[in-house]
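Residues: numbered from 1 along the sequence shown. One-based numbering, in listed order, for ligands and for the atoms of each.
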Amino acid sequence: MKTKLHLLILSFAILLLSGSCNKQGKNTPPEDKMTEKKIDALLRQMTLEEKVGQMNQYSGWVDTTGPNFGDKNIFEEIKKGWVGSVLNITGTENVRMIQHMAVDCTRLHIPLIFGLDVIHGYRTIFPVPLAEACSWDLEAIEQGARIAATEASSAGINWTFAPMVDIARDPRWGRIMEGAGEDPYLGSLVAAARVKGFQGNDLSADNTIVACAKHYAAYGAAEGGRDYNTVDISERTLRDVYLRPFKAAAEAGCGTFMNSFNEIGGIPSTGNSHLLRDILKCEWNFRGFVVSDWGSVGEMINHGVAANKADAAALAATAGCDMDMESRCYREELVNLVRQGKVDMKYIDDAVRRILRIKFQLGLFDDPYRYCNPEREKNLILHPDHLKAAKEMAIKSMVLLRNEGNILPLKKSGQTIALIGPLAASKDDMIGGWSALGQGNDAVSLYEGLTAKLGNASRIVYARGCGIAEENRTGFQEAINAVRKADVILLAMGESRHMSGEASSRACIDLPGVQEDLIKEIIKLGKPTVLVLFNGRPLVIPWIAEHVPAILEAWFPGIRGGEAIADILFGDAVPSGKLVTTFPHSIGQIPLYYNHKNTGRPYSPDSYYTSRYLDETNDPLFPFGYGLSYTTFAYSGLQLSDSVMTGNKPLTVTVTVTNTGNYDAEEVVQLYVRDMVGSVTRPVKELKGFKKVPIKKGESVKVSFTLTEADLRFYDINMNFVSEPGEFRVYAGGNSRDVLEGSFWLK
Ligand code: NOJ
């Protein structure tokens, strides 16, 4: 009874909130109130057609001789005020030309926003986002986004469809490459860092662009890891795991959100008013706008919740999808739907207000061409500082997975090095997927990086050996001959850049083609062998992890990847990256993630009837947070400032980390917590803090973390976001598996 009453009050509160959430908040700063007045004035002048036009986005593309559209009418459409934004038009000249159509040919002179997928760089391509997250270096991540924004804005772009903040627990899903991995805490910090990097402190500056948190929501939970597939998760998991980075992005001021393609529990996200209105726009007080994903309004027909385009447009607009990317449902249907009373005018006004608000914030009404300065474009694209930052980021993002007998680092001189593999000389693959205006020719391949580093000091013998995904073994012999002549073997293997990203799910995530077979042949020869892996997701490589003595996970390392790898291989840089995604032993273990639940029958070797596989361990191949260095670190003396946490008094957790090896290096010290008993089940570990600390060889440092009651909150049995008194375990270590343990009570 009590619970029912509680729910009733809660729903009433939500109702009240939703009534008021489209209105201006009390605390709106004065400059915003000015903007709102300008928007009011504009809205009063706009016809229904002009309003719907703002909610419509078209894609163009740029060819060498100028802009070109699939649909020739688009120019006319822009001139008639039927378009609010375009994507995939770049370059100051093109943007200026198209912007002119909107500003000078339409009745109300409303400028367009120019969007592009600037995901990990515009032309200076950084490592793929999953790799960047492995740096655990928020400042560097923010800086990467800053540079991407600087270049993109210099070329006319003022809106990026990034960051992708989808939590991914299934490495078969190709888009795991675009995010920050499996953890909601780290994912939230990375999301906020990227938003800050893109948007800076002033959206109207000519070097900042508006960010877009995508894909809202739970896109990464696609069944079977198959892109675009169905999602069915509980509201609790949605909020505790998948929504957290989105909330963090909203709190960081992210100007726009993008719908995901998937449904959740029967409701496609594009038509999900609970996600869009109740949570995003009301609960989180999000004041920006929501764009659909490409065609996702119209795809609600395929989903089977809309019979036709009119149904789809009505569903999406009512649910809170403010802009229609390319499905044209809004363009064709919304005006009629409003006239027929099927879509309430208040939804149109709210959507247009949000879109205009971002245009005002970008400063486009003051100067629609502020992102169209050809001088900036010429000077900033591929600026040497940007290239330097891309290289530094690549170094930070690589993860040393194995280094038996300390094969690495290699000595620079007097050796013959056999460089083998389909990725050894590839430039194109270095830049990874979703690489905007990135060009393979700008990139440094591993072969180039090595030759630049070694000069004549050592000899490099290169053999491709095999293709990435081909079955052809005719190159094996040449590779084996090269290996026979060499002192050290460097293997460059992995996926092609197109094997991860959108529509690039894989059912078998081993090394594609015959690459592993070639490795087996080479390992038989017993030479010191190092594998450099290029990939956009965790791979299933148990045999390799056991037999190849040194493995460096390089991901797709970006434009200066080859140089960065060479620095690490030859000891000019010490690896410090840590995995943000679990590597499974086998595909059958997926989904495998560190912050899983305990179950009622956690695995025990002493009991048959426990949660396990008959033919596989429950353990990962490499756990979340894992990554080696050229030095070694010892953890000792975990201490808590108190055994009890009360009210708002924080607790300090301290651990001593000693550099016990021979290199000065950085270590990512990680703090995890487990809530032992809750009103609902809690994960066996949750990341609650980390610090990346430089430690000189032989030195010890004390690393401290502050834990507060707020860090212990979750959605309880009544879906309240609270902490619950009781015992908590605390763990500190260099990865999620090898940790020291302590405990405290929350009173
Ligand atoms: C579809 C993708 O899902 C999305 O991430 C991207 O931003 C849009 N297309 C625009 O290219």
Undergrad: With a 4.0 Å cut-off on N to O distance, would you call Arg537 and Asp170 a salt bridge?
TA: no
Undergrad: Polar contacts were defined as any N/O atom of the residue lying under 3.5 Å from an N/O atom of the ligand; does this apply to Lys214 and ligand 1?
TA: yes
Undergrad: Please work out, at 4.0 Å between heavy atoms, whether the side chain, the backbone, both, or neither of Met164 comes within that distance of ligand 1.
TA: neither
Undergrad: Identify, for atom 9 (N) of ligand 1, the protein heavy atom at the shortest distance, and state residue, atom and that distance.
TA: Asp293 OD1, 3.4 Å
Undergrad: Is the ring pair Phe624/Trp136 parallel, tilted or perpendicular, if the boundaries are 30 and 60 degrees?
TA: tilted
Undergrad: Compare Asn259, Asp117, Val118, Val291 and give the one whose heavy atom is closest to atom 10 (C) of ligand 1.
TA: Asp117
Undergrad: So among Ile355, Val335, Val352, Leu356, which one has a side-chain contact (heavy atoms from CB on, under 4.5 Å) with Lys51?
TA: Val352
Undergrad: Can you tell me how the ring of Tyr219 sits relative to the ring of His215, calling it parallel under 30°, perpendicular over 60° and tilted otherwise?
TA: perpendicular
Undergrad: Taking only heavy atoms of Phe161, which atoms of ligand 1 are found under 4.0 Å from at least one of them?
TA: 7 (O)
Undergrad: Considering only heavy atoms of Met258, which atoms of ligand 1 have at least one such atom less than 4.0 Å away?
TA: 4 (C), 7 (O)
Undergrad: Below 4.0 angstrom, N of the basic side chain to O of the carboxylate: do Lys214 and Asp293 qualify?
TA: no
Undergrad: Would you say the side chain of Arg146 lies within less than 4.5 Å of the side chain of Glu142, judging by non-hydrogen atoms?
TA: no
Undergrad: Taking heavy atoms and a distance under 4.0 Å, where does Glu326 meet ligand 1: side chain, backbone, both or neither?
TA: neither
Undergrad: Answer yes or no: does an N/O atom from His215 fall short of 3.5 Å to an N/O atom of ligand 1?
TA: yes
